[in-house]
There are 2 protein chains.
Amino acid sequence: MSSAPVGGRRADAVRNRHLALEAATALVSESTATLTVEAIAKRAGLGAGTVVRAFGSKDALLDAAVSDLLRPVVDRARELLARAEPDRALRTFLAELMDFQSAHHGISNELRGLAVPTTTELRAELEQAVRAMIAGAQRTGTIRTDLAPDILADLIGQTAFAIARLGTGLADAYLTVLMDGLRPPTSANAEPTVSPA
Amino acid sequence: MSSAPVGGRRADAVRNRHLALEAATALVSESTATLTVEAIAKRAGLGAGTVVRAFGSKDALLDAAVSDLLRPVVDRARELLARAEPDRALRTFLAELMDFQSAHHGISNELRGLAVPTTTELRAELEQAVRAMIAGAQRTGTIRTDLAPDILADLIGQTAFAIARLGTGLADAYLTVLMDGLRPPTSANAEPTVSPA
DNA sequence: GATAAATGGAATAGCTGTTCCAGTTGACTA
DNA sequence: TAGTCAACTGGAACAGCTATTCCATTTATC
């Protein structure tokens, strides 16, 4: 009679799925890595067929890998949103996001034109958290209100993911410029077209 | 006896080279276009072999196409640098660069990992002009001096090309935030960690 | 020990840049 | 204008790469 596991997959299939995901996650993090199925399989010590079969397609595997990297970032954004003052939450979160981007700057580049539904959803959640931070900071007066929170959140979301190639030094400078640019405009910098010196 | 044109190429070869370049330039500008040799050849009304032969390789053709798009931008930067006050030159140029990016946002995406020496050189020239604008604006006191001009120029160069996907509305907001962030820090926004309201 | 699930890696299919070549065309001569 | 010849052309053939499928063999489960 039948002897297969009734409810789920076989133990080795489960283990290999984990191995494939780990290998993919590792390779996605490395900016120089070539993201072929063959490379992932080799890294995982598996055959190419096994790797694809575990997730259905290469895209689905990459989606899972990137989502695994992104989920803690989303959680961290929500935590900061809940616990910290909006302005400080935003600054802290952006600093950490820059670090994340510097550490895994293969992510943005490799995902163009891929079907990554989970990753897309996580990015939307991330932007929502940022939007809440901005709205809060606008309420407390630490961020300019002449630009809509949706615009600013969209702006930050787009740029933060676009600038994956920035090194640490540049990321710091960018964060400084960005945060200062988000401040409410003062009479000192509102219309500085003519040199004051 | 020999009857070939001694000095140069045949007229049809010259004409087809132009056609190939025009087609490539048009396709590079369209963000949704698939940039295959076949597609370029079809657009130009030529055979694939003719297109490749005219430039030696697909990469060389794309390099030429992108450089053609970029050269006027570089010229414009130099013109503004020479004629306008540094701060205004920078603002005007960045606004125009954003427009350019919005209009041709296929450019940045398609060039990853390609050998495009001329394009690379033009970008370097562009950054040099921006660096000069920044240094000038720092001298007149309209741009912060706590960050080195090299850092700022690098920052602007990287971000300006990274954010190709920004729509017009976002580009305006980005420019506003960026320019305000570049202003000299005031006591009002220097340490606004605690909400003043 | 029986059996179905799972595996590895070869075979397949699809895509794309480059090369090749039989046929065409422009340039020059007389 | 007609003739010639080399440059040039289109597009088929080729080569390289990669995701996916397939299947003979192995392995986990009962």
Side-chain angles (χ1 to χ4, degrees), chain A residues 1-24 27-28 32-66 106 109-116, chain B residues 1-24 27-28 32-66 106 109-116:
Chain A
M1 298 298 280
S2 173
S3 59
V6 282
R9 283 164 300 209
R10 241 169 59 175
D12 53 349
V14 173
R15 179 171 42 82
N16 287 340
R17 200 187 135 96
H18 279 297
L19 288 175
L21 187 56
E22 273 174 31
L27 287 182
V28 163
T32 57
T34 52
L35 270 185
T36 63
V37 169
E38 198 90 23
I40 298 171
K42 190 182 174 188
R43 178 92 163 215
L46 300 171
T50 305
V51 166
V52 169
R53 208 178 319 112
F55 287 85
S57 73
K58 184 201 178 185
D59 281 16
L61 169 55
L62 290 184
D63 189 25
V66 174
N109 294 341
E110 301 294 346
L111 258 53
R112 304 192 176 279
L114 260 54
V116 282
Chain B
M1 304 287 281
S2 173
S3 59
V6 283
R9 282 165 301 211
R10 237 168 63 173
D12 53 349
V14 173
R15 178 171 42 84
N16 288 340
R17 200 187 135 96
H18 279 298
L19 288 174
L21 186 57
E22 273 174 31
L27 287 182
V28 163
T32 57
T34 51
L35 271 185
T36 63
V37 169
E38 198 91 20
I40 297 171
K42 189 181 173 188
R43 178 92 164 214
L46 300 170
T50 306
V51 167
V52 169
R53 208 179 319 114
F55 287 84
S57 74
K58 184 200 178 188
D59 280 16
L61 169 55
L62 289 185
D63 189 25
V66 174
N109 294 340
E110 301 294 346
L111 258 52
R112 304 191 176 282
L114 261 55
V116 282

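Convention: sequence-line order gives letters A, B, ...; per-chain numbering from 1. Values below: all heavy atoms of this structure, side chains included; hydrogens, waters and symmetry mates excluded.
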Next on the checklist: Measure CZ/Arg9(A) against C1'/dT29(D) and give the value in whole Å, please.
Outcome noted: 16 Å
Next on the checklist: For Asp59(A), give me all partners under side-chain hydrogen bond (donor to acceptor under 3.5 Å, both in side chains), at least two apart in sequence or on another chain.
Outcome noted: none
Checklist outcome for this item: Result for 5'-nearest mapping on DNA chain D, choosing between Arg17(B) and Arg15(A), is Arg17(B)
Item to check | side-chain hydrogen bond (donor to acceptor under 3.5 Å, both in side chains) partners of Arg43(B), counting only residues at least two apart | outcome: Glu30(B)
Item to check | Asp12(B) vs Val14(A), nearer the 5' end of DNA chain C by closest nucleotide | outcome: Val14(A)
Can I get a per-line list of side-chain donor-acceptor pairs under 3.5 Å for residues 16-24 of chain A, giving both atom names and the distance, sequence neighbours left out?
unit_1   : atom_1 : unit_2   : atom_2 : d
Asn16(A) : ND2    : Asp12(A) : O      : 3.3
Arg17(A) : NH1    : Ala54(A) : O      : 3.0

Item to check | For the student: nearest non-hydrogen atoms of Phe55(B) and Ala64(B), plus distance | outcome: CE2-CB, 3.8 Å
Item to check | Interatomic distance, Arg10(B) CZ vs dT25(C) P [rounded to whole Å] | outcome: 10 Å
Checklist entry - Knowing that exactly one of Leu35(A), Leu62(A), Thr32(A), Thr36(A) qualifies, which makes a side-chain contact (heavy atoms from CB on, under 4.5 Å) with Leu27(A)? => result Leu35(A)
Checklist entry - Would a 4.5 Å heavy-atom cut-off, applied to side chains only, mark Val116(A) and Val66(A) as touching? => result no
Using nucleotides 10-17 of chain D, report all nitrogen or oxygen pairs with the protein that are shorter than 3.5 Å.
unit_1  : atom_1 : unit_2   : atom_2 : d
dG10(D) : OP2    : Gly47(B) : N      : 3.0
dG10(D) : OP2    : Thr50(B) : OG1    : 2.2
dG10(D) : O6     : Arg53(B) : NH2    : 3.2

Checklist outcome for this item: In whole angstroms, the gap separating P of dG17(C) from NZ of Lys42(B) amounts to 15 Å
Item to check | Length of the CG-C1' vector between Leu35(A) and dA19(D), whole Å | outcome: 13 Å
Checklist outcome for this item: Separation of dG17(C) atom P from Phe55(B) atom CZ, nearest Å, is 15 Å
Checklist outcome for this item: note: Lys58(A), atom NZ; dT21(D), atom C1'; distance rounded to Å ~ 17 Å
Checklist entry - Nearest-Å distance, CG (Leu19(A)) to P (dA6(C))? => result 15 Å
